[in-house]
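Below is one structure, written out as structure tokens; the observations come after it.
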Amino acid sequence: MKKKYFITTAIPYVNARPHIGFALEIIQADVLARYHRIIGDDVRFLTGTDENSLKNVQAAEKEGISPQELCDKNAENFKYLKEVLNLSFDDFIRTTDKKHIAGAQKLWQACKKEDIYKKKYSGYYCVGCESFYMKKDLVDGLCPEHKTKPEVVKEENYFFKLSLYQNKLKRLIESGELDIVPKERKHEVLSFIEQGLQDFSISRSAKRAKGWGIPVPGDEKQIMYVWFDALSNYITALDYAGDQKLFKKYWPADVHAIGKGIIRFHAVYWPAMLLSAGLPLPKRIFVHGYVNVGGEKMSKSIGNVVDPVEMVEDYGTDALRYYLLREIPPTGDGDFKIEHFVQRYNADLANDLGNLVSRVANMVDRFFHGNLPEVEVETDYDLERINLLISQFRFNEALEHIYKIVKSANQCVEEEKPWELFAVKNIDKLAKVLTKLVVTIKDIALILEPFMPETSQEISEHFNKKKISKIDPLFPRIL
RNA sequence: CGCGGGGUAGAGCAGUGGCAGCUCGGCUGGCUCAUAACCAGCAGGUCGGUGGUUCGACUCCACCCCCCGCAACCA
């Protein structure tokens, strides 16, 4: 019986194009998914889009189309990442999908009756922003965006009794039953819980949401708070509201991959919702950091948003995958700089790996006309170590380790000097040396598969041919 | 005292109670199979500051300074 492995990413809003930060998240998840398939697990890898936001209504109005049309159009930008980034996700959930809407409502109803209650709420509401502000966020009592005086709006919403779950959540997280990686994030969540959990609003008035969103079951004047809606995607995608075949097979999630900005929703709200509904909790939450650009936070107003699609058009999928996985620390913040990208590309991909492959292919071609005699060789590198690092989410270190093997292969060429062996006609030794190099390259290709699937396949195919010919540069240098 | 992360070579980053390390860049050699690639070596650091624990602190503790996120709908 195969072990199942269910991994998810967060579902981003569709009102902006995918940026490099989300690319990091989904690529990390892809590495895990691919790795677990290789070790024989029954993998399901889910991603999708969060579409029930008021912003979509506003943007659609501007373009003169319906919110659904806008979402349909924008969701394509995210689905398209599958080709652009060579991702292996099996399912793509949209929060406007029928099965999602039904599932979110089912989850709402599955929550304990006493956990959901109505409460009057008042706040400062800016008509321009169509959102509430806390008093402390106002500038001289005015909306920071529109500089207008917000209305004091009183509204009755549904609340979730999060406070009830404080101790239970603390216990589950402390014990690691709900594991949060890395430890710093776990401590952060625990310290947040210890400060005391407040009940949170899980609905808003349908009028204020302009009717866009998932209606609260039994009360069409209210729609669900987007987080209640969005979080449920992890089970609605598994047909939680349908035949539950997938749900029974794959839930609970083995890993939720998320960014540090939404950890509270995943580590506190979501488990509490599941507890209330009597459903199993995810096993692990993997929290990555943010990708800054040139030392600054990526933002539209600064205009420094990096588009992964453009990067791939310019440099290729595997180059981007490699850079993000190697250069950005898996759980800390990283800095994206095109100069560093070029440096990594030239040094690691072109000079070390690409050139190794070229020189070895060329020597086999030149010295043996592509036909290596069969010889036994031994290798001495530790591939298990790399698997361990991947399973611990240490992608950068795993790649570093792989590159030690690449480096040692290049050293081996220098030490053995195959061209000299050829010159003195020491063919036995020459065959051994080149065979060892070919075996090493094939192993490198295999172990690289989760990180750079296309490159891995290209190398494997070339070196598994009966006749090994010269090969075109895998990564031409960027000048 | 709101929460969290960080300060190590020119740049980017690892790191561990016991000689400070990696990559890039710079310099010097070697090699010619290869994508002007590869290999060896050299230069470059008071490991943010102060105090403490210790035979010994970059590492542990305390305090301080500086940078960066978050502070309840941003991956």
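Convention: sequence-line order gives letters A, B, ...; per-chain numbering from 1. All values below were derived from every heavy atom in this structure, side-chain atoms included, with hydrogens, water molecules and symmetry-related copies excluded. Remember, predicted model here, so these are calculated numbers, not experimental data.
Nearest to the side chain of Gln411(A), among C39(B), U35(B), A75(B), sits C39(B). Listed nucleotides: C73(B), U35(B), A71(B). Nearest to the side chain of Val226(A): C73(B). In this structure, of C33(B), U35(B), A71(B), it is A71(B) that holds the atom nearest to the side chain of Arg264(A). Checking C33(B), C24(B), C73(B) against every side-chain atom of Phe367(A), the shortest atom distance belongs to C33(B). You'll find that the side chain of Tyr290(A) is closest to A75(B), out of C33(B), A72(B), A75(B). Taking every side-chain heavy atom of Trp419(A) into account, U32(B) is the closest of C38(B), A75(B), U32(B). Here the nucleotide nearest the side chain of Glu327(A), chosen from G12(B), G4(B), C73(B), is G12(B).
Under 4.0 angstrom from either OP1 or OP2 of U35(B) there lies no side-chain N or O belonging to Arg359(A). The phosphate of A34(B) (OP1 or OP2) has a side-chain N or O of Arg366(A) nearer than 4.0 angstrom. Taking only side-chain nitrogens and oxygens, Asn362(A) comes nearer than 4.0 Å to OP1 or OP2 of A34(B). Between C38(B) and Asn351(A), a contact under 4.0 Å exists linking OP1 or OP2 to a side-chain N or O.
As judged by a 4.0 angstrom heavy-atom cut-off over every strand, Lys407(A) is placed among residues touching the sugar-phosphate backbone only. Among the protein residues, Val360(A) comes within range of no part of the nucleic acid, since none of its heavy atoms lies under 4.0 Å from any strand. If you check every strand for non-hydrogen atoms under 4.0 Å, Tyr225(A) touches a base. The residue Phe475(A) sits close to a base: some heavy atom pair falls under 4.0 Å. Note on Lys260(A): only backbone sugar-phosphate atoms sit closer than 4.0 angstrom, heavy atoms only; bases stay farther off. Among the protein residues, Asp352(A) comes within range of the sugar-phosphate backbone only, with heavy atoms under 4.0 Å from sugar or phosphate atoms but none that close to a base. Nucleic acid contact class of Ala350(A) (heavy atoms, under 4.0 Å, all strands): base.
Side-chain polar atoms of Thr317(A) and Asn86(A) form no donor-acceptor pair below 3.5 angstrom.
Ring geometry for Phe265(A) against Tyr269(A) counts as perpendicular: the plane angle is over 60°, on a 0 to 90° scale with 30° as the lower cut.
The separation between Tyr403(A) atom OH and C39(B) atom P is 12 Å, rounded to whole Å.
With hydrogens and angles disregarded, a donor-acceptor distance shorter than 3.5 Å links the side chain of Asn56(A) to the backbone of Glu51(A).
At a threshold of 4.0 Å, the pair Arg34(A)-Asp30(A) counts as salt-bridged, since one of the basic side-chain nitrogens sits closer than that to a carboxylate oxygen.
Residue Lys260(A) qualifies as enclosed at atom NZ: its count of foreign heavy atoms under 6.0 Å is above 12.
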